[in-house]
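All heavy atoms count here, side chains included; hydrogens, waters and symmetry mates do not. Residue numbering restarts at 1 for every chain, and letters A, B, ... go by the order of the sequence lines. Values in this document were obtained by computation on a predicted structure and should not be read as measured data.
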Amino acid sequence: MLPSSYEHKKYEDKIYKKWEESGAFTPDTDPNKKPFTISMPPPNATGTLHLGHAVMLALEDIMIRQKRMQGYNALWLPGTDHAAIATQNKVEKILAAEEGITREQLGRENFLERVKAYVADCQDTIRQQVRKMGSSCDWTRERYTFDDDLNRAVTEIFVRMYEDKLIYRGHRLVNWCPRCKSTLADDEVEHKERQGKLYWIKYGPFVLATTRPETKLGDTAVAVHPDDERYKDMVGKEYQIPGVLGEFTVKVIADKSVNPEFGSGAVKVTPAHSFVDNEMAERNGIPMKQIIDEDGCMMENCGKYAGLPTVQARKEIVEDMEKMGLIEKVEENYDMQLSVCYRCETPIEPLPSKQWFIDVNQKFDIAHPEKLGLKDKNVSLKEAAIHVIKDQKIEIIPDRFNKTYFHWMDNLKDWCVSRQIWWGHRIPVWYCEDCEEVIVDRETPKACKCGSEKLIQDEDTLDTWFSSGLWTFSTLGWPEKTEDLEYFHPTSVMETGYDILFFWVARMIIMSTYALSEIPFEKVYLHGLLRDKQGRKMSKSLGNGIDPLEMIDKYGADALRMALFIGSTPGNDSRIYEEKIEGFRNFVNKFWNISRFALGRSEDTKVSLEGDTKGVQPQGKQTNDSNQSTNTPQPPQGGAEQTPQSPFQGEAATKPQELINQWIISRTQVLIKDVNKGLDEFKFSETGQLLYDFVWNEFADWYLEMSKKSESEETKQTLLYVLQNLLKLLHPYIPYVTEEIWGEFNEDMLITAAWPEADESLINAEQEKKADLIRNIIKEIRSKRAEAKVDPVKKISAIVFGGKNTAIVEEHAEVIKFMAGLETLTASESGDKPEKAIAIFIDGAEVYLPLADMLDPEKEKKRIEKEIAEAEKYVKSIQGKLSNKNFVQKAPANIIEAEKEKEKATLEKIEKLKKQLGEI
RNA sequence: GGGGUUAUAGCUCAGUUGGCUAGAGCGCUACGUUGACAUCGUAGAGGUCACAGGUUCAAAUCCUGUUAAUCCCACCA
């Protein structure tokens, strides 16, 4: 017998171990079965599990578990990411704090050893935390972006892209983080609203506004709008401008990007330290003068300011300019957009630098254009990546993100992939010291073709997204043609947060279409971000974060999983808070107790489940048990291990005879249908809610209660049958508790049990309606009792005139008496209304309770009058519709039929209410 | 500046291609509970679906506009 409450801590780890050891997580590549693949977004190897991971794991596990039970070879490939900058920063911080040393002091080799050791120490933490969530991923195929194999994939694709002229080295303006001392990709730059000062400076014949007066030292031009009359005569001329380091020359250029409305309409141009200025300079043939170095300090060419950090230099230069009378005015508290590093929020310093870029517009010959449905094999990376979404080779859920994707892709500039940090994939490029040769190769070259052996490898490493862009296929063995790659790629679903659509999802599409001529995944499901109860982002500084591990410890993984996605829709943020998790803990416990009850009721039946027979056998019913177990609906090609079949499934099976059993079995089929449809459509929240409601409101509150009055074998079978299906349907959501209960009466494991398919022949709307009548009678009696303030333990009597439903009511007299608290129940087709009784009119029956004395007649009268008024209003609205020619002509027949039905029912109700009113 | 998203009960949210008198959980009110479950049960109160127009036989749902919140993209220096 199961204990009276579910204690997750007793079971979770044990069950996980059992699953993992059973091999259920590890699919094979059987060609007779269909694959279903999810690449797990790899958490940072040195990170700890946060709610973002938790929701990702919950959703992916739901998909994987369902597909596995449906008989797919379901592969969920886990792994970790080396997270270049993030990890390096972390280790640097630790070194500084614990040993007071910098990476430079340690040296490259030693530093990398330290990072490796640190990662190795941490990696296990995240692995264990992923397990804690109940994730049924294949640990035998676990990968790490820094594995040798994956390293090889990175080098391979770099070399191929170089050979295809998609990777080039260029001296260009890049986003530079002076703190990370590295370049950043465009999308790694964030724009933050900051307040600064706007300086109006006297600039030779101009007065112009700037937020960065120190860049004046790098100015080489002044730009105005071509149509600006004020400056028309000055365009093309050169002017001597007085400055803090003496006079310098600028040329006046005309450029449409200048806004004549802003400031004085003239803008200073600093091509080396501003992207817009740089573009203007390029268009107008203006030279570039770099004045800020990679430390964010003024360079040698800045005279007495050389070596000063920009902020300091600004202060001193402004002071000096003031002395020279060059400052016209200063606007304080000027709102401006500041570019900052997304890792450390340090202001970005645009500066010219020699870096490696991926050219997204360069055309190349794609290997297999037909695989992507491309007409032309000569395409650019950008075109291919846009094509696969436009052509719906990949579906993004929700689809509004298509628009975002296109916008981003359309505006994508060359991707700077080199990073000046040490922790990452080293760029496979060597430079010859004796000649100019640049060697790009898969292996370390021995010598240059000039004969020199003095080869130096590029110091830089690759952007972390370069390697994670390969994730769906590098993890399956690419560039080797492995069985796994052949079988599992393209993957089925990519499930991740919408916040990394650009960082990662778009990069994977670019890399996969290039390397394999394949999409990386068929569908992209983007979940929203989790916020706190007030809708605020979770952050360390606010201290409003919820630790998923703490929640698992407190409420169990099953409860946390449910709380993470119920009440959320894809792409939209949702809120999570402890009470919500607690609510689902209650649900898990409720389900536990339901199972406890069902199993308790059928203890004697259990024997027949464990025998040779594959199903629960009803007694005394004509069943052809030799045929029934193997002919049930099968999953695609193959199917999961078979589990005991119910007596109610399959052609030859017995149909249930008792009304309540017919009802719940019918409802179960509908539930199965709805859940299957919902999961097919990625409606995880809705489907979960459906199961929740069924379990609690139908199965527990009604069926379980009603079944207490039926001792038949069929009822026991039905309890088990419904339970068994619920266990399966709920397993993807709450895997632990369902597996534990399943183990109570099954020898195999639920994780590999066959997923239910609805048996349409068991859907019985007519019987459902009859059962609803019984339920309504009970509900109404309960309601009246409460209204009349009848002591709940007091039994009353009731008289029912059931009309054509009399037999049903008589048959279920015991249930009604039990559930409505009746002493006696007299049922007949019709009769005279009893004295001093209040009447309840239900569709198909009249119920009289001897409570007239207990209700205040005036109050009762008012209540009924109100009810009549409402009903009449309702009828009027229906009749309005029905008398509307347009409605009758244009509305679909079933809707009109339904309206007529409603009219009839309401009219009957009014009549009965009036009768009731007259009797008071 | 451009583009999203959101607005439904006190709170958190569902609500499918337009078609039951708009739902759930929490909270609230009253009552109850010794054998499946107080991590519970029964009954109930609570909504002008942000606002204004429009389309339609029919709008919470579609369209337009307004307001408010929020996010993403974009260096008016």
(message) Whole angstroms only, please: what is the NZ-P distance between A:K403 and B:rG2?
(response) 13 Å
(request) Tell me what A:N572 touches on the nucleic acid: a base, only sugar-phosphate, or nothing, going by heavy atoms under 4.0 Å. (result) sugar-phosphate
(message) Is there a side-chain contact between A:W696 and the phosphate of B:rC37, meaning an N or O under 4.0 Å from OP1 or OP2?
(response) no
(request) Using only side-chain N and O atoms of A:R785, determine if any of them is under 4.0 Å from OP1 or OP2 of B:rU42. (result) no
(request) Could you give the distance separating B:rA50 and B:rU16 at their P atoms, to the nearest angstrom? (result) 14 Å
(request) Sticking with atom P, work out how far B:rU42 lies from B:rU6, rounded to a whole angstrom. (result) 35 Å
(request) Determine: side-chain N/O of A:S574 to OP1/OP2 of B:rC13, distance under 4.0 Å, yes or no. (result) no
(request) Could you check which nucleotide pairs with B:rU6 in any of the strands shown, counting Watson-Crick or G-U wobble with both distances under 3.5 Å? (result) B:rA68
(message) For B:rU12 and A:R575 - does any side-chain N or O of the residue sit under 4.0 Å from the phosphate oxygens OP1/OP2?
(response) yes
(message) Considering every strand and a 4.0 Å limit on heavy-atom distances, what is the contact class for A:Q337: base, sugar-phosphate, or nothing?
(response) base
(message) Work out how far the P atom of B:rA77 is from that of B:rA9, and round it to whole angstrom.
(response) 41 Å
(message) For B:rG19, give the paired nucleotide (Watson-Crick: N1-N3 plus N6-O4 or O6-N4; G-U: N1-O2 and O6-N3; both under 3.5 Å), or none.
(response) B:rC57
(message) Should the side chain of A:E686 and the base of B:rA24 be counted as holding a donor-acceptor pair, with the cut-off at 3.5 Å?
(response) no
(message) Please determine whether a side-chain nitrogen or oxygen atom of A:N586 lies at a distance below 4.0 Å from atom OP1 or OP2 of B:rC40.
(response) yes
(message) With a cut-off of less than 4.0 Å, is there a side-chain N or O of A:K590 near OP1 or OP2 of B:rG41?
(response) yes
(request) Provide the Watson-Crick or G-U wobble partner of B:rC31, both distances under 3.5 Å; none if there is no partner. (result) B:rG41
(request) Respond yes when some side-chain nitrogen or oxygen of A:Y334 is under 4.0 Å from OP1 or OP2 of B:rA77, and no when none is. (result) yes
(request) Would you tell me if any nitrogen or oxygen in the side chain of A:R601 comes within less than 4.0 Å of OP1 or OP2 on B:rA36? (result) no
(message) Counting only side-chain nitrogens and oxygens, does A:S783 get under 4.0 Å of the OP1 or OP2 atom of B:rG44?
(response) yes
(request) Could you measure between the two C1' atoms, the one in B:rC63 and the one in B:rG18, and give it in whole Å? (result) 13 Å
(request) Can you tell me, in whole Å, how much space there is between the C1' of B:rC73 and that of B:rG46? (result) 42 Å
(message) Between A:H191 and B:rA74, is there a contact of a side-chain N or O with OP1 or OP2 at under 4.0 Å?
(response) yes
(message) For the NZ atom on A:K673, are there more than 12 heavy atoms of other groups (residues, nucleotides or ligands in this structure) within a distance under 6.0 Å?
(response) no
(message) For A:D255, is there an ion pair with A:R283 - N to carboxylate O distance below 4.0 angstrom?
(response) yes
(request) Can you tell me, in whole Å, how much space there is between the C1' of B:rG25 and that of B:rU64? (result) 36 Å
(request) Quickly work out the A:F275 CZ to B:rA77 C1' distance and round it to whole Å. (result) 16 Å
(request) Quote, to the nearest angstrom, the C1' distance that separates B:rA30 from B:rA68. (result) 39 Å
